[in-house]
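In what follows, a single structure is set out as structure tokens and then discussed.
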Amino acid sequence: MEWKIRDIVIPNQVVLSPMAGDTNIAYRKICHEMGCGLVVGEMVSDKAIGFNNEKTLEMTRVIEGEHPVSMQLFGHDIDSMVNASKFLDTKTDCDIIDINMGCPVNKVIKAQAGSFLLKDPKYVYTLVKAIVDNVKKPVTVKIRLGFDMENINFLEVGKAIEDAGASAITLHARTRSMFYSGEADWHYIKMLKESVKIPVIGNGDIRSPYDAKRMLDETGCDAVAIARAALGNPWIFRDTVSYLENGIIPSKPTPEEVYQMIIKHYNLLKEIKGIHLATLEMRTHVSYYIKGLPGASKVKDLCNKETDFNKVLELLHEYLIERRKF
């Protein structure tokens, strides 16, 4: 079902959640082609943009065929965040600017960014309003339930975000202290949806099309964000959109389709990062693509020893296509 983030039309209710090191141009393009309605780039630092860090600026690049796309920014200082947002607004082709207030990792918390910001809803309002007032593109914010179970304040934070002029909120239904453990509590997503007028994207424990439909039905949220379940499985977007719109889940990808997707993923990464980095990153992605298959652990270990990706592809051809046992 089509919906909007302000004036940006999202063709369906399935979103690729940002993941550091993974949601780059290559994988965003693949996920869009698999039917994902909105893709979100891996989060970038406001300070790195301010310093014109070449690697960071490259991470904000958008290519034809991946719209609509959102770029996620993290930081704490208002002036720095505003300047970085202006860069995304005027110097990149992204459609939406997303502010990260959900990242739980210690390095980000020490910089008083990510989910650290949840500690001060008044500062959240000031920060978001300053960004909204200085850019033309829609601004969205990703949050968690609160910093810990003793400080669940997502409703107060969500209202501050809405009052500051943001166009949508993504809620990961865990606290910062939970990181990615335990179960996401979706009833909090329903509470947020009922308390704000702007769109709410639900996030947490979407592992299948059935989960996506259940979250939409139980919470009334406008869309669902899929993160870790998409690693090595871009078909989850095709399947989820099909299930939500037609009640049908397509057949699982064949070994040949998995093999060809790995080649495609590698070639796209090679274009943007070069052979060396593409090879290093794809060795990790290969483990995602073959996870759960018989003998996958041994194949993964063999692939990780190779420095030439053509050798990796030879191993994968023997494993997936020729069906040799390992």
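Reckoned from all heavy atoms, side chains included, excluding hydrogens, waters and symmetry mates.
- Contact of the Phe87 side chain with the Thr60 side chain is registered, since non-hydrogen atoms from C-beta on lie closer than 4.5 Å.
- Here the closest non-hydrogen pair linking Cys94 and Met71 is CB-CG, 3.5 Å.
- A heavy-atom distance below 4.5 Å is not found between the side chains of Leu269 and Leu277.
- Tracing side-chain contacts under 4.5 Å through hydrophobic residues (I, L, V, M, F, W, Y), one reaches Leu145 starting from Ile143; they form part of the same cluster.
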**OP:** Test side-chain contact (heavy atoms from CB on, under 4.5 Å) on Lys273 and Asn24 and set out the steps.
**Re:** CA-CA 10 Å; Lys273 298 197 173 188; Asn24 48 43; 3.8 Å; yes
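- Counting non-hydrogen atoms of other residues, nucleotides and ligands closer than 6.0 Å to CD of Glu54 gives a total of 12 or fewer.
- Counting only distance, with no hydrogens or angles, the side chain of Arg144 and the backbone of Phe179 share a donor-acceptor pair below 3.5 Å.
- Rounding to the nearest 0.5 Å places CG of Leu155 at 4.5 Å from CE of Met191.
- Under a 3.5 Å cut-off, the side chain of Asp211 and the backbone N or O of Ser208 do form a donor-acceptor pair.
- Formation of a donor-acceptor pair under 3.5 Å by the Glu2 side chain with backbone atoms of Val9 is not found in this model.
- Closest of all the heavy-atom pairs between Ile189 and Gly202 is CD1-CA, 3.8 Å.
- In the hydrophobic clustering of ILVMFWY residues, with side-chain heavy atoms under 4.5 Å counting as a link, Ile10 and Ile226 come out apart.
- Cation-pi geometry between Arg176 and Phe154 is not satisfied (NZ or CZ under 6.0 Å from the ring centre, within 45° of the ring normal).
- Side chain of Arg283 to main chain of Glu306: a donor-acceptor pair is present (N/O by atom type, distance under 3.5 Å, no hydrogens or angles).
- Asp98 and Thr140 are linked by a side-chain donor-acceptor pair at a separation below 3.5 angstrom, with hydrogens and angles left out of the test.
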Original post:
Hey, mind stepping through Tyr266 and Val312 against side-chain contact (heavy atoms from CB on, under 4.5 Å) and telling me if it holds?
Top reply: CA-CA 11 Å; Tyr266 170 69; Val312 173; over 6 Å; no
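- Taking all atoms of both residues into account, the shortest heavy-atom contact from Ala225 to Ser17 is CB-CB, 4.1 Å.
- Hydrophobic clustering (side-chain heavy atoms under 4.5 Å, transitive across Ile, Leu, Val, Met, Phe, Trp, Tyr) groups Ile30 together with Tyr259.
- By the 4.5 Å heavy-atom criterion applied to side chains, Leu231 and Lys291 are not counted as neighbours.
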Quiz: residues 238-253 side-chain donor-acceptor pairs under 3.5 angstrom, not counting sequence neighbours:
unit_1, atom_1, unit_2, atom_2, d
Arg238, NH2, Ser251, O, 3.0
Thr240, OG1, Ile236, O, 2.6
Ser242, OG, Ile248, O, 2.5

**OP:** For the pair Lys91 and Leu57, evaluate side-chain contact (heavy atoms from CB on, under 4.5 Å) and give the outcome as yes or no after the intermediate values.
**Re:** CA-CA 10 Å; Lys91 303 296 184 182; Leu57 298 185; over 6 Å; no
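- Side-chain N or O atoms of Asp222 include one that pairs as donor or acceptor with a backbone N or O of Val200 at under 3.5 Å.
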Subject >> Derivation of the side-chain contact (heavy atoms from CB on, under 4.5 Å) call for Val124 and Ile161 >> reply: CA-CA 7 Å; Val124 167; Ile161 290 167; 3.7 Å; yes
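- Side-chain N or O atoms of Asp77 include one that pairs as donor or acceptor with a backbone N or O of Ser80 at under 3.5 Å.
- Inter-residue side-chain proximity for His67 and Ile8 is flagged as unmet; no heavy-atom pair is nearer than 4.5 Å.
- Applying the 6.0 Å contact sphere to CZ of Phe51 captures no more than 12 heavy atoms from other residues, nucleotides or ligands.
- Rounding to the nearest 0.5 Å gives a distance of 11.5 Å between CG of Asp93 and CG of Leu88.
- In terms of hydrophobic clustering, with Ile, Leu, Val, Met, Phe, Trp and Tyr side chains grouped at heavy-atom distances under 4.5 Å, Ile198 and Tyr188 are assigned to a common cluster.
- A salt bridge does not link Glu58 to Lys55: none of the charged side-chain nitrogens sits closer than 4.0 Å to a carboxylate oxygen.
- With a 4.5 Å cut-off on side-chain heavy atoms, Ile206 and Trp186 count as touching.
- In this structure a side-chain-to-backbone donor-acceptor pair under 3.5 Å is present from Thr23 to Val40.
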Subject >> Full working for salt bridge (charged side-chain N to carboxylate O under 4.0 Å, His left out) between Lys159 and Glu162 >> reply: CA-CA 5 Å; Lys159 190 70 172 113; Glu162 180 180 41; 3.6 Å; yes
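- In this structure, the side chain of Asn134 engages the main chain of Ala130 through a donor-acceptor pair within 3.5 Å.
- For Ile263, the CD1 atom counts as densely surrounded, since its 6.0 Å shell holds more than 12 non-hydrogen atoms of other residues, nucleotides or ligands.
- A donor-acceptor pair shorter than 3.5 Å cannot be found between the side chains of His285 and Tyr27.
- Going from atom NZ of Lys142 over to atom CG of Leu73 covers 14.5 Å, rounded to the nearest 0.5 Å.
- Under the 3.5 Å distance criterion, with hydrogens and angles disregarded, a donor-acceptor pair is assigned to the side chains of Asp148 and Asn151.
- Considering all non-hydrogen atoms of both residues, Trp3 and Ala223 come closest at CZ2-CB, 3.4 Å.
- Considering every non-hydrogen atom in both Gly158 and Ile169, the closest pair reads O-CD1, 3.5 Å.
- No more than 12 heavy atoms of other residues, nucleotides or ligands shown are found within 6.0 angstrom of CD on Glu183.
- Remark: the Asn203 side chain and the Thr170 side chain contain no N/O donor-acceptor pair separated by less than 3.5 Å.
- Using a cutoff of 4.0 Å between basic side-chain nitrogens and carboxylate oxygens, Glu271 and Lys29 are not scored as salt-bridged.
- Within the structure, salt bridge (charged side-chain N to carboxylate O under 4.0 Å, His left out) contacts touching residues 3-17 (residues at least two apart or in different chains) do not occur.
- Taking the centre of each ring, Tyr123 and His76 come in below the 6.0 Å mark.
- Judged purely by distance below 3.5 Å, without hydrogens or angles, the side chains of Asn53 and Thr56 pair a donor atom with an acceptor atom.
- At distances below 3.5 Å, not a single donor-acceptor pair connects side-chain atoms of Gln72 with backbone N or O atoms of Gly41.
- In this structure, the separation between SG on Cys303 and CD1 on Ile290 is 6.0 Å, given to the nearest 0.5 Å.
- A heavy-atom distance below 4.5 Å is found between the side chains of Ile262 and Phe309.
- Annotation: side chain of Asn233 is not in contact with side chain of Tyr288 (no heavy-atom distance under 4.5 Å).
- Taken to the nearest 0.5 Å, the CD1 atom of Ile5 stands 9.5 Å off from the CG atom of Asp95.
- To the nearest 0.5 Å, the span separating CD1 on Ile272 from CZ on Arg61 amounts to 6.5 Å.
- Across Gly146 and Asn153, no two heavy atoms sit closer than the pair CA-OD1, 3.6 Å.
- For NZ of Lys119, the number of neighbouring non-hydrogen atoms (other residues, nucleotides, ligands) closer than 6.0 Å is greater than 12.
- Residues Val82 and Val132 are members of one and the same hydrophobic cluster, defined by side-chain heavy-atom contacts under 4.5 angstrom among Ile, Leu, Val, Met, Phe, Trp and Tyr.
- When side chains are defined from C-beta on, His32 counts as touching Val39, because their heavy atoms get closer than 4.5 Å.
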